[in-house]
Amino acid sequence: MSTPLNHDPKAPVSAPTANTVPAKPAPRRPRKNTTTTEPLWVKWTLLTIALGFIFLFLVLPLAAVFTEALRKGGGAAFEALKEPDAWSAIRLTLITAAIAVPLNLVFGIAAAWCIAKYEFRGKAFLTTLVDLPFSVSPVVAGLVYVLMFGAQGWIGPWLQEHDIKIVFAIPGIVLATIFVTFPFIARELIPLMQAQGTEEEQAAIVLGATGWQTFWHVTLPNIKWGLVYGVILCNARAMGEFGAVSVVSGHIRGQTNTVPLHVEILYNEYQSVAAFAVASLLALLALVTLVIKQVVEWRFERDQKAAAALPPERPLAPTLPVAAAQA
Amino acid sequence: MSTLSIPRCAPRRVLPGFKLTLGYTLFYLSVIVLIPLSALVFKTFTLTWDQFVLAVSSPRVMASYRLTFGASLIAATVNAVFGLLVAWVLVRYTFPGKKIIDALVDLPFALPTAVAGISLTALLASNGWVGSLLEPYGVQLAFNRNGVVIALIFIGLPFVVRTVQPVLEDAEKELEEAATCLGATRLQTFWHVIFPTIAPALLTGFAMAFARAIGEYGSVIFIAGNMPMVSEITPLIIIGKLEQYDYAGATAVAVVLLVISFALLLVINALQAWQRRRNGAQS
């Protein structure tokens, strides 16, 4: 068989020739590993199928949102965005995200700190519980708040007496949004902080820093990219949540309608252009989210590489004994 | 990890804030997640066992389970196959626009489900770009069960890609070279060397896509047609019962969904532990 033991000097890249002539590159093929790539036709077939799948399931739906919105020209789409109901939906969505994201941010940092930096009994179980909202159906997430605060719920009667509305009002929408976006930031931070260990923080504490100083000056710079990453994903989900919010909102136009719910109402009223015009706002938000996410990933990788290229104290260790031996 | 056997004693905790952060974590977790979820469980206790069984096993609800689980299974399987393929292409090949494609894979995470729902419906309806092409052949993808499967494929797409991709990136090329040197064909190398390495990640991604598909609501309801007994998913049954003020019935079905998602969460955790063990053993 055509094993690398071949003594033909014109054979495609093989280890022996590369060893004997180190200065000269291999004769024809610059490719490194011909042994671990597929035949060209296999490669092209796989690429075509994969890209075709991506095109059908990702590119087409995204393109459809914008074309459907512009079906009757930019003016018609713009009109739909100028409606007062659309504006109040946008305002409510922004308010909801502005409450839900910071609350989950604080929780995410607290949970990641205690889970990543300490060992304690039941830690694995706690981590599972933090992940729980991810696997609960959004509809069930909405339902639990109706059962708690609804007219027939646990504290519903008490709330009615005191004239507090939670379900079918803004607080319910915020609560349901917090529930479905609950794990996003903690999820990003826990593995990151676990990987970084506690040495740097311990050093800071030993050198006399307070807990807050350690957090601000040591931990935060280390986790900043993970934090941004978690926040934008959390924000995208908070602004786009549909199922859970739909259960608790009560669908009162102009009052308890978020942007996704507004899209649904317009769509069900056969106002297709208006529905897609508002939907394209959400699609733009998704695109912006993807771009920021990509940039954060690049910055994170660059920081990692920079940290790897510049090892702080380790290289000094081997040189010291050598110097000592020479002296 | 290695400090596991060392008995815990106070001076070892140099870092401050353990009590504060753990306390806050437990408080917030209880208020937002645990107490509301327990409300769900307690509400079911207001039903007798017979009422509960009746609520969760009426013919219409049973039909919705069959649809939800069947469609989720098909969608997760399609995602496993194509997700593996996409991960492979993204890791092993270079082609123009690769970075854009890589970023685009996360679109289903970022795009609100309602938007995905109406956009897929617009594509697949008989006057849409794809629907109009298929209509002459008598293929209908929107407003029936096919639509449910397609929406669920869209929703679960990133899970398999994102779990398999890092494992493929870390896979050692030396093993494949060794297999080739020992005379294995490329296909044999794939099945006996590469596939066992990525199998745990692939299964994890499959389970995640499946779990997500079972609870999915927003994208499905627009495209499903929502005919009772035919194309009505389980989450929609819950909404329907709620709209008729049948809180107990809605809760009973919700508990069934909740128990299933709990079970799936445990399966996913076990799969991830398996993956860590396997990858740890290799390096």
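Note that these values count all heavy atoms, side chains included, but never hydrogens, waters or copies made by symmetry.
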Rounded to the nearest 0.5 Å, what separates atom CG in Leu258(B) from atom OG in Ser137(A)? 9.5 Å
Is Ser219(B) in contact with chain A via its backbone, its side chain, both, or neither, using a 4.5 Å heavy-atom distance? neither
Among Val144(A), Val146(A), Thr128(A), residue most engaged with chain B (heavy-atom pairs, under 4.5 Å): Val144(A)
If the contact rule is any heavy atom under 4.5 Å from chain A, which residues of residues 33-40 of chain B qualify, in numerical order? Val33(B), Leu34(B), Ile35(B), Pro36(B), Leu37(B), Ser38(B), Ala39(B), Leu40(B)
Sort Ile221(B) into side chain, backbone, both or neither according to what part of it lies under 4.5 angstrom from a heavy atom of chain A. side chain
Select one option (side chain, backbone, both, neither) describing which atoms of Ala63(A) are under 4.5 Å from chain B's heavy atoms. both
With a 4.5 Å cut-off on side-chain heavy atoms, are Ile118(B) and Val65(A) touching? no
Quick check on the interface: out of Val278(A), Ile205(A), Val288(A), who has the most heavy-atom pairs with chain B under 4.5 Å? Ile205(A)
Which atoms of Trp298(A) are under 4.5 Å from chain B, going by heavy atoms: the side chain, the backbone, both sets, or neither? side chain
For Leu26(B) and Leu126(A), run side-chain contact (heavy atoms from CB on, under 4.5 Å): C-alpha distance rounded to whole Å, both residues' side-chain angles, the deciding distance at 0.1 Å, then the answer. CA-CA 9 Å; Leu26(B) 291 176; Leu126(A) 182 63; 3.7 Å; yes
Using non-hydrogen atoms only, which part of Glu264(A) is less than 4.5 Å away from chain B: side chain, backbone, both, or neither? both
Note: Tyr118(A) and Pro16(B) closest approach over all heavy atoms is OH-O, 2.8 Å
What's the shortest heavy-atom distance between Pro138(A) and Gly215(B), and which atoms? CD-O, 3.3 Å
Would you confirm whether Ser119(B), through its side chain, and Pro61(A), through its main-chain N or O, come within 3.5 Å as a donor-acceptor pair? yes
Heavy-atom distance under 4.5 Å to chain A: side chain of Phe262(B), backbone, both or neither? side chain
Mind checking whether Trp154(A) and Phe42(B) have parallel, tilted or perpendicular rings, split at 30° and 60°? tilted
Tell me, out of Val255(B), Val31(B), Leu20(B), Leu22(B), who's got the most heavy-atom pairs with chain A below 4.5 Å. Leu22(B)
From CA spacing to verdict: side-chain contact (heavy atoms from CB on, under 4.5 Å), Leu85(B), Phe53(A): CA-CA 10 Å; Leu85(B) 185 62; Phe53(A) 180 74; over 6 Å; no
Shortest non-hydrogen contact from Phe179(A) to Ile32(B)? CD1-O, 3.4 Å
Answer with side chain, backbone, both or neither: which region of Thr67(A) has an atom nearer than 4.5 Å to a non-hydrogen atom of chain B? side chain
Using non-hydrogen atoms only, which part of Pro133(A) is less than 4.5 Å away from chain B: side chain, backbone, both, or neither? side chain
Heavy-atom pair with the smallest gap, counting every atom of Phe95(B) and Leu51(A): CE1-CD2, 4.0 Å
Counting only non-hydrogen atoms closer than 4.5 Å, does Leu123(B) touch chain A with its backbone (N, CA, C, O), its side chain (CB onward), both, or neither? side chain
Nearest 0.5 Å, please: how far is OG in Ser135(A) from CD1 in Ile214(B)? 10.5 Å
Search all heavy atoms of Ala110(A) against all heavy atoms of Thr21(B) and return the closest pair with its distance. O-CB, 3.4 Å
When you measure from the centre of the six-membered ring of Tyr93(B), is the NZ or CZ of Lys43(A) under 6.0 Å away and within 45° of the axis? yes
Before you tell me yes or no, could you show the steps for Tyr24(B) and Phe107(A) under ring-ring contact (aromatic ring centres under 6.0 Å, His included), namely the whole-Å CA-CA distance, both residues' side-chain angles and the distance that decides it to 0.1 Å? CA-CA 7 Å; Tyr24(B) 182 70; Phe107(A) 162 74; 7.1 Å; no
Can you confirm whether Ile100(B) is buried at CD1, in the sense that more than 12 heavy atoms of other residues, nucleotides or ligands lie under 6.0 Å from that atom? no
Heavy-atom pair count under 4.5 Å with chain B, highest-scoring of Ile115(A), Val140(A), Asn268(A): Val140(A)
Can you tell which of Leu233(A), Val42(A), Asp131(A), Leu47(A) has the highest number of heavy-atom pairs within less than 4.5 Å of chain B? Leu47(A)
Pair count under 4.5 Å, heavy atoms only, with chain B: among Val247(A), Thr198(A), Leu129(A), highest is Leu129(A)
Out of Tyr245(B), Trp129(B), Phe190(B), return the one with the most heavy atom pairs under 4.5 angstrom to chain A. Trp129(B)
Between Phe182(A) and chain B, with a heavy-atom cut-off of 4.5 Å, which part of the residue counts as in contact: side chain, backbone, both or neither? side chain
Test side-chain contact (heavy atoms from CB on, under 4.5 Å) on Tyr28(B) and Asn104(A); report intermediate values, then the result. CA-CA 9 Å; Tyr28(B) 192 75; Asn104(A) 281 339; 2.8 Å; yes
May I have the step-by-step check of side-chain contact (heavy atoms from CB on, under 4.5 Å) for Trp113(A) and Phe18(B), ending in yes or no? CA-CA 8 Å; Trp113(A) 183 267; Phe18(B) 176 66; over 6 Å; no
With respect to chain A, which residue among Leu157(B), Val130(B), Thr113(B) yields the maximal number of heavy-atom pairs within a distance under 4.5 Å? Leu157(B)
Out of Leu60(A), Thr289(A), Val263(A), return the one with the most heavy atom pairs under 4.5 angstrom to chain B. Leu60(A)
How long is the straight-line distance from CG of Asn79(B) back to CZ of Phe57(A), given to the nearest 0.5 Å? 8.0 Å
In residues 102-112 of chain B, which residues are in contact with chain A at a heavy-atom separation under 4.5 Å? Ala103(B), Leu104(B), Val105(B), Asp106(B), Leu107(B), Pro108(B), Ala110(B), Leu111(B), Pro112(B)
Using a 4.5 Å cut-off on heavy atoms from C-beta on, say whether the side chain of Thr121(B) contacts that of Tyr267(A). yes
Pick one of side chain, backbone, both or neither for Glu201(A), based on which atoms fall under 4.5 Å of a heavy atom in chain B. both
Above 12 or not: heavy atoms from other molecules or residues under 6.0 Å from NZ of Lys98(B)? yes
Among Leu257(B), Val253(B), Leu242(B), find the residue that satisfies the side chain to side chain contact (heavy atoms under 4.5 Å, CB included) test when tested with Leu143(A). Leu242(B)
